[in-house]
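Single-structure report; data block below.
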Amino acid sequence: MFPSAFIEPAAETTENEVTDTGVDFFFDYETGQHIMKGSVLNECGDLRKVRQYVQNVLRTPSNVYKDYIKGETEAFGLSIYKYIGERNLPMGYINSELKREVTEHLLKHPMINEVKDWKAEREKRGLNIEFTVVLNNGEELEISHTAGGADV
């Protein structure tokens with residue numbers, strides 16, 4: 001019905017194409033507050049968006065918050081939190097399960113290409129986790145986090 005001159009070709013995606021992930025507002029995990037200038041929320045840049053996504057994954061137990069469960073087929077968050085305090089589980093199991101879950105969740109983000117250099121160590125105050133997140137543009141983010149409490 002329409003002439004072929006009016007049909008636009010499908011857009012080709014390139015490897016360096018920037019993915020629009022929407023608007024995120026800067027959140028300070030130390031204070032538990034969004035950061036504001038005057039009465040306006042500060043928007044995050046792309047690197048900060050990824051850092052906040054990583055923090056949300058690491059801090060969220062799975063199937064706890066209804067906002068994450070509603071309409072989803074996969075649980076958001078880490079099921080490893082149900083094992084905290086279980087001293088009868090080998091550290092190797094906890095480490096490998098945590099690595100698997102974190103990697104699976106992080107690779108769902110459109111800006112994350114790889115998770116590498118995984119290190120986890122049990123300490124008195126929790127499980128210290130360190131890893132590197134490689135973004136699609138080649139930038140690397142060093143992540144360090146302590147999961148759990150004193151009973152890990």
Side-chain angles (χ1 to χ4, degrees), residues 8-86 91 93-152:
E8 295 183 27
E12 294 183 23
T13 58
T14 61
E15 192 172 304
N16 295 332
E17 185 176 315
V18 177
T19 304
D20 181 21
T21 58
V23 176
D24 283 341
F25 298 105
F26 193 100
F27 187 79
D28 184 356
Y29 289 94
E30 298 290 321
T31 63
Q33 300 285 322
H34 281 93
I35 305 300
M36 300 178 78
K37 282 188 181 175
S39 60
V40 179
L41 291 170
N42 283 351
E43 288 186 25
C44 294
D46 286 340
L47 290 178
R48 186 66 196 173
K49 285 180 187 180
V50 173
R51 282 194 183 277
Q52 287 191 174
Y53 180 76
V54 170
Q55 286 296 318
N56 286 340
V57 168
L58 293 174
R59 292 170 179 262
T60 306
S62 66
N63 295 327
V64 172
Y65 302 105
K66 291 181 182 179
D67 291 341
Y68 292 129
I69 300 169
K70 189 175 180 181
E72 295 294 321
T73 57
E74 295 181 37
F76 181 83
L78 304 177
S79 66
I80 198 71
Y81 282 100
K82 65 184 173 187
Y83 301 124
I84 290 177
E86 298 285 331
M91 183 60 192
Y93 171 77
I94 292 174
N95 188 25
S96 65
E97 192 62 16
L98 183 62
K99 178 181 179 181
R100 181 191 64 77
E101 283 190 353
V102 169
T103 302
E104 284 178 3
H105 281 294
L106 295 184
L107 291 178
K108 291 177 185 177
H109 194 282
M111 294 178 66
I112 296 177
N113 188 39
E114 180 184 5
V115 178
K116 65 179 189 175
D117 301 333
W118 181 271
K119 296 175 193 163
E121 186 176 340
R122 183 182 282 175
E123 302 216 355
K124 288 183 181 181
R125 301 304 266 152
L127 184 65
N128 290 335
I129 308 163
E130 295 179 6
F131 56 93
T132 303
V133 174
V134 181
L135 304 180
N136 293 337
N137 62 6
E139 289 185 70
E140 295 185 353
L141 299 175
E142 300 292 327
I143 306 296
S144 180
H145 179 75
T146 301
D151 295 332
V152 176

Looking at CE of M111 and CG of N137, how far apart are the two atoms once the value is rounded to the nearest 0.5 Å? 6.5 Å

Are the side chain of R48 and the backbone N or O of F25 linked by a donor-acceptor pair below 3.5 Å? no

Do the side chains of E104 and K108 get close enough for a salt bridge, i.e. N-O under 4.0 angstrom? no

Report yes if some heavy atom in the side chain of L135 is under 4.5 Å from a heavy atom in the side chain of D46; otherwise report no. no

Measuring only between side-chain heavy atoms, which start at C-beta, is H105 closer than 4.5 Å to L78? yes

Using the salt bridge (Lys or Arg N to Asp or Glu O under 4.0 Å) criterion, which residues pair with E43? Sequence neighbours excluded. none

Looking at CG of L98 and OG1 of T103, how far apart are the two atoms once the value is rounded to the nearest 0.5 Å? 8.5 Å

What one should report as the nearest heavy-atom pair of E139 and L47 is OE1-CD1, 3.4 Å

List for me each residue that meets side-chain hydrogen bond (donor to acceptor under 3.5 Å, both in side chains) alongside Q52, sequence neighbours excluded, and say none if there are none. none

Just jot down the salt bridge (Lys or Arg N to Asp or Glu O under 4.0 Å) partners of K116, sequence neighbours excluded, or say none. E140

The salt bridge (Lys or Arg N to Asp or Glu O under 4.0 Å) partners of E121 (sequence neighbours excluded) come to none

Begin from the C-alpha positions of D28 and Q33 and carry the test side-chain contact (heavy atoms from CB on, under 4.5 Å) through to its verdict. CA-CA 6 Å; D28 184 356; Q33 300 285 322; 5.6 Å; no

Who are the side chain to side chain contact (heavy atoms under 4.5 Å, CB included) partners of S96, not counting sequence neighbours? none

Pairwise side-chain contact, N95 with W118, heavy-atom cut-off 4.5 Å (strictly under): yes

For a 4.5 angstrom cut-off between non-hydrogen side-chain atoms, does I143 reach R51? yes

Does some side-chain heavy atom of F131 sit less than 4.5 Å from a side-chain heavy atom of V54? yes

Taking side-chain hydrogen bond (donor to acceptor under 3.5 Å, both in side chains) as the test, write out the residues that go with E130, two or more places apart. none

Would you call the rings of H109 and Y53 parallel, tilted or perpendicular, where under 30° means parallel and over 60° means perpendicular? tilted

Please check if the side chain of N113 supplies one atom and the backbone of G138 the other of a donor-acceptor pair under 3.5 Å. no

Can you measure from CG (N56) to CG (L106) and round to the nearest 0.5 angstrom? 11.0 Å

